[in-house]
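Note that the coordinates shown come from a computational prediction; the quantities given were computed from them, not determined experimentally. Heavy-atom basis, side chains included; hydrogens, waters and symmetry copies ignored. Nothing fancy with the numbering, it's 1 onward along the sequence.
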Amino acid sequence: MIGRTVLRIVGPLVPSVVIVVAAWWLALEAFGISPLVGKRPPQVWEYLTSSQEHRDAVFGALGITIRDAATGFVSGMVAASVVAVLFVLFRTVEQTFMPVAMLLRSVPLVVMTPLITLIFGRELLGVAVIGGIVVFFPALVNIAFGLRSASPQATDLIMAYGGTRMTVLRKVAVPTAMPSVFASARISVPASIIGALIAEWLATGQGIGAEILRAIGGFRYDEVWADIVVVTGVSILAYAAVGVVEALVLARFSDRPQD
């Protein structure tokens with residue numbers, strides 16, 4: 001079952017990757033971008049395979065970015081889940097908090113990052129806040145919608161037998177919201193990587209984000225393109241991994257029909 005699920009999720013991504021690589025190559029050729037600046041796929045491959053030093057530079061920074069992205073992803077998803085539950089249980093919390101959340105959402109993260117850095121520092125806590133903000137708002141909307149999509153008949157049945165709102169939440173709302181939770185996770189995985197890169201550009205000075213800036217400053221365009229390709233590949237793999245977990249979990253616990 002796991003093998004079939006992996007093939008079903010990953011299979012459609014393969015032609016998509018081929019199309020993107022072909023479009024990348026053709027666009028550089030069509031616009032006449034010099035190979036000294038716009039690196040083609042064979043040049044990136046050669047850079048990554050020709051030297052252990054090159055691989056260490058790229059994948060060493062990638063490990064930091066993955067850690068930062070995972071921290072932002074987990075913190076954002078957990079915070080969004082907790083707030084969504086409070087929204088469903090206590091209407092006044094939503095009425096009070098949602099305008100504040102929308103106000104914060106309207107402020108560009110690049111503008112907020114220096115202030116976040118001053119308050120929370122340049123270490124992992126600051127990265128968690130920056131990455132968590134990117135993940136939090138889309139996840140909050142999706143998860144809250146999923147929790148409110150619980151069957152009214154099932155809710156009335158539990159209440160008729162003396163259940164509480166917490167019982168309804170645990171027995172009906174949370175299982176019903178699982179597709180929305182995983183949809184949020186799929187959206188949030190690439191977003192968390194973007195948040196990590198922003199934090200590295202503007203706050204920590206580590207990871208792929210900082211390495212790209214340093215490589216551009218040193219005219220090391222091979223390294224720039226290799227960094228971009230590798231972090232994009234990780235984003236695709238993480239997205240596919242969430243899709244596989246989603247399919248396995250929903251096939252077992254959700255009553256929604258699966259493909």
Please collect all salt bridge (Lys or Arg N to Asp or Glu O under 4.0 Å) contacts where either partner lies in [range], sequence neighbours excluded, each pair once.
range: residues 33-52; result: E29-R40, K39-D222
range: residues 172-187; result: R186-E246
range: residues 54-83; result: none

For [X], all residues meeting side chain to side chain contact (heavy atoms under 4.5 Å, CB included), sequence neighbours excluded:
X: L48; result: V44, V58, F59, A226, V230
X: T155; result: A150, M159, V168, V172
X: R148; result: F87, V88, R91, E94, A144
X: V17; result: V21, I236

Taking W225 for its side chain and V37 for its backbone only, find out whether a donor-acceptor pair lies under 3.5 Å.
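Answer holds: yes.
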Aromatic plane relationship, F136 with F97 - under 30° parallel, 30 to 60° tilted, over 60° perpendicular:
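Perpendicular.
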Rounded at 0.5 Å granularity, tell me how far [atom1] in [X] sits from [atom2] in [Y].
X: I64; Y: E211; atom1: CD1; atom2: CD; result: 8.0 Å
X: H54; Y: R220; atom1: NE2; atom2: CZ; result: 9.5 Å
X: I130; Y: S192; atom1: CD1; atom2: OG; result: 13.5 Å

Inter- and intrachain pairs under side-chain hydrogen bond (donor to acceptor under 3.5 Å, both in side chains), touching residues 117-127, at least two apart:
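Residue pairs with at least one partner in residues 117-127: there are none.
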Enumerate the residue pairs fulfilling side-chain hydrogen bond (donor to acceptor under 3.5 Å, both in side chains) with a member in residues 171-182, sequence neighbours excluded, ordered by first and then second residue.
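Matches after skipping sequence neighbours: none remain.
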Distance-only donor-acceptor pairs under 3.5 Å for side chains of residues 195-208, two or more places apart:
from : atom 1 : to   : atom 2 : distance (Å)
E200 : OE1    : T65  : OG1    : 3.0
E200 : OE1    : I208 : N      : 3.3
E200 : OE1    : G209 : N      : 2.9
E200 : OE2    : T65  : OG1    : 3.0
W201 : NE1    : G209 : O      : 2.7
T204 : OG1    : Q206 : N      : 3.3

What closest approach, in Å, do [X] and [Y] show between heavy atoms, and which atom pair accounts for it?
X: I143; Y: A84; value: CG2-CB, 3.7 Å
X: N142; Y: S184; value: CB-OG, 2.9 Å
X: T96; Y: V100; value: O-CG2, 3.8 Å
X: Y221; Y: I216; value: OH-O, 4.5 Å
X: A240; Y: L13; value: CB-CD1, 3.5 Å

With sequence neighbours left out, what residues match T164 under side-chain hydrogen bond (donor to acceptor under 3.5 Å, both in side chains)?
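Once residues adjacent in sequence are excluded, the partners of T164 under the side-chain hydrogen bond (donor to acceptor under 3.5 Å, both in side chains) criterion are T167.
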Please check if [X] and [Y] belong to a single hydrophobic cluster, counting links between Ile, Leu, Val, Met, Phe, Trp and Tyr side chain heavy atoms closer than 4.5 Å.
X: F90; Y: V82; result: yes
X: V18; Y: I228; result: no
X: V181; Y: V141; result: no
X: L26; Y: I19; result: no
X: V110; Y: F137; result: yes

Please set out all donor-acceptor pairs under 3.5 angstrom arising from side-chain atoms of residues 72-80, sequence neighbours excluded.
from : atom 1 : to   : atom 2 : distance (Å)
S75  : OG     : T71  : O      : 2.9
S75  : OG     : G72  : O      : 3.1
S75  : OG     : A128 : O      : 3.2

Using distance alone, with no hydrogens and no angle criterion, decide if E53 and S51 have a side-chain donor and acceptor under 3.5 Å apart.
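Side chains of E53 and S51: no pair found under 3.5 Å.
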Just so I know, are the side chains of I133 and I116 near enough to count as touching, which here means a heavy-atom distance under 4.5 Å?
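Answer yes - side chains close enough.
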